[in-house]
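Heads up: the structure comes next, in structure tokens.
So you know, we letter chains A, B, ... as the sequences are listed, proteins then strands, and number each from 1. For clarity, every value in this text was computed on a predicted model and none was experimentally measured.
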Protein chains: 2
Amino acid sequence: MRKLPHTNLYLREEEIRRGIELLYFAYRDFTKDPDDILAKAGFGRAHHRVLYFVGRNPGTTVSGLLSVLRITKQSLSRVLGQLIEEGFIAQNTGLKDRRQRLLHLTPKGQEFEKQLFDTQRDRVADAYKTAGPDAVAGFWEVLFHIVNESERATVLHQIEK
Amino acid sequence: MRKLPHTNLYLREEEIRRGIELLYFAYRDFTKDPDDILAKAGFGRAHHRVLYFVGRNPGTTVSGLLSVLRITKQSLSRVLGQLIEEGFIAQNTGLKDRRQRLLHLTPKGQEFEKQLFDTQRDRVADAYKTAGPDAVAGFWEVLFHIVNESERATVLHQIEK
DNA sequence: CAAATAAGTCAGTATTGCTGACACAATAAC
DNA sequence: GTTATTGTGTCAGCAATACTGACTTATTTG
């Protein structure tokens with residue numbers, strides 16, 4: 001058995017740690033602006049996720065939301081209930097299946113979601129602009145492959161909507 | 001004042017939302033493996049962060065950790081205290097400034113941190129390998145510019161260590 | 001009709017942030 | 001050398017978010 005070429009494990013580890021750290025720092029700051037707005041409205045990050053994905057997938061069901069968010073029904077129930085009660089999200093009984101509750105943002109919910117989205121849009125748009133289109137493509141590509149293989153079909157379906 | 005060229009806002013928004021969603025899904029799966037290992041040891045994600053940054057910056061102080069993690073002293077105190085008590089982290093009185101507690105991982109802490117790191121290393125290494133070096137450079141570049149401008153110097157100092 | 005599914009609910013637990021207040025030792029400033 | 005500042009630690013309480021487990025109701029499906 002011949003010797004394999006030496007792969008520089010130290011360099012490799014440095015590159016991995018760089019990705020881990022950038023992911024941590026970027027995610028930390030990325031969530032900060034919406035978190036501050038949410039806190040003033042008496043909400044938290046979980047409310048943002050629900051507003052976001054309901055806004056992005058109008059007519060989705062509770063179970064649809066659960067499979068995107070990968071949290072328990074009980075956890076979702078609390079935040080979704082609050083958003084419905086305060087008039088940010090409305091539900092209609094499903095037409096095909098009357099057990100379903102089809103969810104969508106109310107005008108109030110749309111306005112609030114836009115406010116949250118705008119802070120992240122500005123941040124990401126600036127980063128895209130500075131880094132350039134090739135970098136953006138790489139950014140998508142790496143993130144996509146960090147997602148669990150079993151989840152990639154769902155993610156692809158979501159991001160290409 | 002002449003008319004500005006029309007920037008396609010719809011396309012733009014789709015690209016931004018793609019980044020937002022990939023960041024969410026990738027981060028969700030990226031934290032899952034360590035979270036499971038941590039849960040078995042009776043720890044949470046906050047413990048991981050402390051182990052990670054102490055491991056990465058041996059000899060760091062409590063205030064050094066606070067400025068990297070951007071959490072309160074009280075929040076850090078709880079998890080750091082547990083990690084010290086259970087023998088994952090040790091502290092030495094600072095030589096120059098005897099108020100400081102210089103933190104480092106014990107062998108037990110190093111072993112545990114490696115276990116956590118390995119799951120993320122495998123995930124990120126696979127993503128890097130699939131996406132290729134140019135994509136990885138773009139991934140770093142975009143993430144770096146998503147970080148708050150005011151934090152970029154600190155982040156750069158950290159990732160280039 | 002029986003089984004499965006979609007949704008909702010109640011109760012309890014753990015983690016991780018936060019604020020505010022206070023204490024102590026060591027260092028720096030005057 | 002007294003005073004102010006800094007690094008660290010601690011107590012107490014609060015809030016958001018996630019979890020498990022058990023159970024109900026309405027509706028659809030086989």
Residue mapping more 5' on DNA chain D - nearest nucleotide basis, Arg49(A) or Ser77(B): Ser77(B)
Under 6.0 Å between ring centres: does that hold for Tyr24(A) and Tyr52(B)? no
Nearest to the side chain of Arg98(B), heavy atoms from C-beta on, is which of dG9(D), dA26(C), dT17(D)? dA26(C)
With a 3.5 Å cut-off and heavy atoms only, can you find an N or O donor on one side and an acceptor on the other between the side chain of Gln74(A) and the base of dG21(D)? yes
Judged by each residue's nearest nucleotide on DNA chain D, which is more toward the 5′ side, Leu95(A) or Leu76(A)? Leu76(A)
Check for a donor-acceptor pair, side chain of Asp97(A) on one end and backbone N or O of Arg99(A) on the other, with a separation under 3.5 Å. yes
Length of the NZ-P vector between Lys73(A) and dC10(C), whole Å: 13 Å
Separation of dA16(D) atom P from Leu83(A) atom CG, nearest Å, is 13 Å
What integer distance in Å separates Leu69(B):CG from dT8(D):P? 13 Å
Would you say the side chain of Arg99(A) and the base of dT5(C) hold a donor-acceptor pair, judged only by whether the two atoms sit under 3.5 Å apart? yes
What is the distance, to the nearest angstrom, from the CG atom on Asn92(A) to the P atom on dA6(C)? 19 Å
Donor-acceptor pair, Arg152(A) side chain versus Val147(A) backbone, under 3.5 Å? yes
Taking N and O atoms by type only, does the side chain of Arg78(A) place a donor or acceptor under 3.5 Å from a partner on the base of dA18(D)? yes
Nearest to the side chain of Asp97(A), which nucleotide is it out of dG7(D), dT16(C), dT27(D)? dT27(D)
Atom pair distance, as rounded to whole Å: CD in Glu85(B) and P in dG9(D): 14 Å
Can the ring centres of Tyr27(A) and Phe30(B) be said to be less than 6.0 Å apart? no
Nearest whole Å is fine: how far is dG7(D) C1' from Leu66(B) CG? 10 Å
